[in-house]
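Letters go in sequence order (proteins before strands), and every chain restarts at 1. This structure is a prediction, so every number in the text was calculated from the model and none was measured. These numbers come from the heavy atoms of this one structure, side chains and all, not from hydrogens, waters or symmetry mates.
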Amino acid sequence: MTTIKLHNTKTRKREVFTPIDDKNVRMYVCGPTVYDRAHLGNARPVIVFDVLNRLLRHVYGDGHVTYVRNFTDVDDRINETALKRQQAGAVGSLEELIRERSDETIDWYHADMDALGALRPNHEPRATEYIDQMVAMIAQLEADGFAYEKEGHVLFRVRKYADYGTLSGRSVDDMIAGARVEVAPYKEDPMDFVLWKPSTDELPGWDSPWGRGRPGWHIECSAMAYELLGAHFDIHGGGNDLMFPHHENEIAQSCCANGTEAMANVWMHNEMLQVEGKKMSKSLGNFFTVRDLLEQGVPGEVIRFVMLSTHYRKPMDWTEKKREEAEKTLGKWALVTAEEIPSPMDDEFIRLLGEDLNTPGAIALLHSFARQKEFKKLRAGLDFLGLDLASWRAFFDEKDLQYDKYISMDHRSIINTLLGERFLAKKNRDFVKSDHIRDFLTEAGIKLNDNPDGTSDWESTSDFDPAKLEAIK
RNA sequence: GGCGAGUUGGCGGAGUGGUUACGCAGCGGAUUGCAAAUCCGUGUAUAUCGGUUCGAUUCCGAUACUCGCCUCCA
């Protein structure tokens, strides 16, 4: 069986992956808070863990992997949007409008991530559908002394959990010394974090032993992971900005509530995305969503390919240059793999992916397949990485078709006449004339490729300009 | 201030305790009347300083720099 090695944040080492149950490999990845369109950075973990999901399915069997990615639909930004809509005259209760906003955001997310070639996880639980489980978990924590109620809030007692901070390598005392913690009157200790908080009438809330309220940020992942994967599972993933506090808090909640040593065996974190060397932010004006790129005509496969061209644990820079190179490469590969039936997966390809998802290495191997004209292997590798180029071929065809239609018979006749003249000129070694004709056609957006027998093929480019062509008359 | 990740040729980007992938660009060649397209070839770079070692880009330590997190942003 293929050996998969993964870098484990918990140990900071690359370790051989051994499933708890190889008939049911379980992975949880933190999904989006569904308050708005997913930005490009959101796409990185989706694509990275999608490749891991595919690899696990390849190695352990399609039916032996359970992949869970949640939707967090309890969030103040969702509430704000809903409230604004209500004030603007939208019909429905606030709760209905909140649900509506979450629904539409989830639909967008699905559409965008589908376009990136990401397979849907087995389960995509929504936080609002697991409130009971969260309440039960919080109650358990309270009963065991890991949590306490104060002024309608329920807080996790960080000092009670000795291992707190081990994932991210922090100590509670150091963090307090850093003085960046929120001090609140209802906290026993500044590091304690919220499990449950009270809701006002304008905010969504659920009944609980502590009154009407809503869950804190971290508890939903603990509750949903427990429900769908159990108290102890194999892999937990997400962006490295979630390492602290989110994942640290998840571990604390889950291990204390479930009485387990570990929540997940392997913790994986992808590095952040940058744009042209800078952090993507609204203030820098380089903030954009996946949908923005798709609408600009950047194919999802290009986004995916660029993402996979950098190892997931390194910062990845989205640049215009990379976009162009990826488009060129995939364009070539789309053509040569068009009629190919994929071969069985290449061992080396799988071995590379098994080395902590070495996708750049795997792509390098695809280049070598292309160079050696092993197009069946190339096709298989592309398929494995989720780079479906079928739409590319259709796109090319469609584009050609459009140009064909666009170029009228009259224009074709002009081109053919010119080519005829050029053929004769070349035959008579009148290269001044033949070059002149070629320059003229190039200028009009018709590209020539000469054949050894003196004839020429031509194709239109996106610069094709009928007016310039007609100017010959 | 604390924590984490990173620093490889012109650019992008891997692997490796001892002849350093791969892509793009560049250069050279084949081909061509010249181009284009295609094909072939070509690149001793691993931040700095120490240490371990017969030998380090690879292991260890320090320094510098970059990025991120500690502010419900993946």
Side-chain angles (χ1 to χ4, degrees), chain A residues 7 9 12 29-33 35-36 38-49 69 72 74-77 165 167-182 191 193-194 197 215-218 220 237-249 269-274 277-282 287 306 308-317 319 321-322 324-326 328-329 332 352 355 358-368 370-371 373 425-432 434-435 438-439 442 447-452 454 456-459:
Chain A
H7 182 90
T9 305
R12 315 211 185 290
V29 173
C30 287
T33 301
Y35 67 96
D36 206 349
H39 64 249
L40 190 61
N42 291 305
R44 194 171 189 195
V46 172
I47 293 170
V48 165
F49 291 105
R69 186 182 62 210
T72 296
V74 180
D75 180 80
D76 286 343
R77 288 162 297 187
L167 177 71
S168 54
R170 295 152 202 254
S171 81
V172 175
D173 291 325
D174 286 348
M175 284 185 280
I176 291 170
R180 286 273 200 112
V181 289
E182 183 195 355
M191 284 309 296
F193 60 90
V194 171
K197 54 191 170 189
W217 173 32
H218 317 289
E220 93 267 21
N240 78 350
D241 56 337
L242 293 179
M243 201 162 107
F244 186 89
H246 185 58
H247 290 163
E248 204 72 74
N249 293 355
H269 294 95
N270 62 277
E271 252 294 346
M272 297 294 100
L273 174 120
Q274 290 174 265
K278 293 188 173 156
K279 179 178 174 165
M280 184 162 74
S281 74
K282 286 176 181 167
F287 181 95
V306 170
L308 295 180
S309 297
T310 297
H311 185 83
Y312 76 93
R313 291 204 313 117
K314 287 199 175 177
M316 125 113 227
D317 198 11
T319 63
K321 192 180 173 200
K322 284 185 183 172
E324 273 176 34
E325 280 189 18
K328 260 198 251 176
T329 302
K332 257 196 256 178
L352 283 164
E355 289 291 334
N358 185 0
T359 50
I363 287 174
L365 189 60
L366 296 186
H367 278 293
S368 116
R371 202 173 48 251
K373 305 204 188 310
K426 285 209 295 180
K427 209 172 174 185
N428 296 327
R429 306 191 67 78
D430 183 355
F431 298 123
V432 173
S434 74
D435 288 355
R438 181 170 63 198
D439 291 345
T442 304
K447 199 167 113 186
L448 298 189
N449 284 325
D450 288 354
N451 298 316
S456 306
D457 293 330
W458 63 271
E459 59 182 347

Contacts of Lys197(A) meeting salt bridge (charged side-chain N to carboxylate O under 4.0 Å, His left out) (sequence neighbours excluded), chain-then-number -> none
For Asp435(A), enumerate each residue passing the salt bridge (charged side-chain N to carboxylate O under 4.0 Å, His left out) test, keeping only those at least two apart in sequence or located in another chain. Arg438(A)
For Asn270(A), check side-chain hydrogen bond (donor to acceptor under 3.5 Å, both in side chains) against everything at least two apart and list the hits. none
Is the shortest side-chain N/O distance from Lys322(A) to OP1 or OP2 of G13(B) below 4.0 Å? yes
Determine the contact category for Leu352(A): base if any of its heavy atoms lies under 4.0 Å from a base atom, sugar-phosphate if only primed atoms, P, OP1 or OP2 are that close, otherwise nothing. nothing
By side-chain hydrogen bond (donor to acceptor under 3.5 Å, both in side chains) - contacts of His247(A) (at least two apart): His269(A)
Protein within reach of the bases, or only the backbone? For nucleotides 20-39 of chain B, mark each nucleotide 5' to 3' as B, S or -, using heavy atoms under 4.0 Å. -BSSSS-------BBBBS--
Identify the pairs formed between an N or O of the protein and an N or O of nucleotides 63-66 of chain B at a distance under 3.5 Å, and give each distance.
none

Atom pairs, protein N/O to nucleotides 6-8 of chain B N/O, distance under 3.5 Å:
from  : atom 1 : to        : atom 2 : distance (Å)
U7(B) : OP1    : Lys314(A) : NZ     : 2.9

Arg313(A): partners by salt bridge (charged side-chain N to carboxylate O under 4.0 Å, His left out), with sequence neighbours left out: Asp356(A)
Those residues at least two apart in sequence (or on a different chain) that pass side-chain hydrogen bond (donor to acceptor under 3.5 Å, both in side chains) with Asp76(A) are Asn79(A), Arg214(A)
How is Gly169(A) classified with respect to the nucleic acid when contacts are heavy atoms under 4.0 Å: base, sugar-phosphate, or nothing? sugar-phosphate
Any idea how His246(A) and Trp217(A) line up, ring-wise: parallel (<30°), tilted (30 to 60°), or perpendicular (>60°)? parallel
In dot-bracket notation, what is the pairing pattern of RNA chain B, taking Watson-Crick (N1-N3 plus N6-O4 or O6-N4) and G-U wobble (N1-O2 and O6-N3) contacts under 3.5 Å, with [ ] crossing and | for other strands? (((((((..(((.....[...))).(((((.......)))))....(((((..]....))))))))))))....
Looking at His269(A) and A74(B), is any side-chain donor or acceptor paired with a base atom of the opposite kind under 3.5 Å? no
Tell me, please, which residues at least two apart from Asp75(A) pass salt bridge (charged side-chain N to carboxylate O under 4.0 Å, His left out). Arg77(A)
Scan Arg44(A) against the nucleic acid and name what it touches under 4.0 Å (heavy atoms): base, sugar-phosphate only, or nothing. nothing
Mind checking His218(A) for me? I need base, sugar-phosphate or nothing, with any heavy atom below 4.0 Å counting as a touch. nothing
Considering just the side-chain nitrogens and oxygens of Ser168(A), establish if one lies under 4.0 Å of OP1 or OP2 belonging to G4(B). no
Non-neighbouring partners of Ser168(A) that pass side-chain hydrogen bond (donor to acceptor under 3.5 Å, both in side chains), sequence neighbours left out: Arg170(A), Glu248(A)
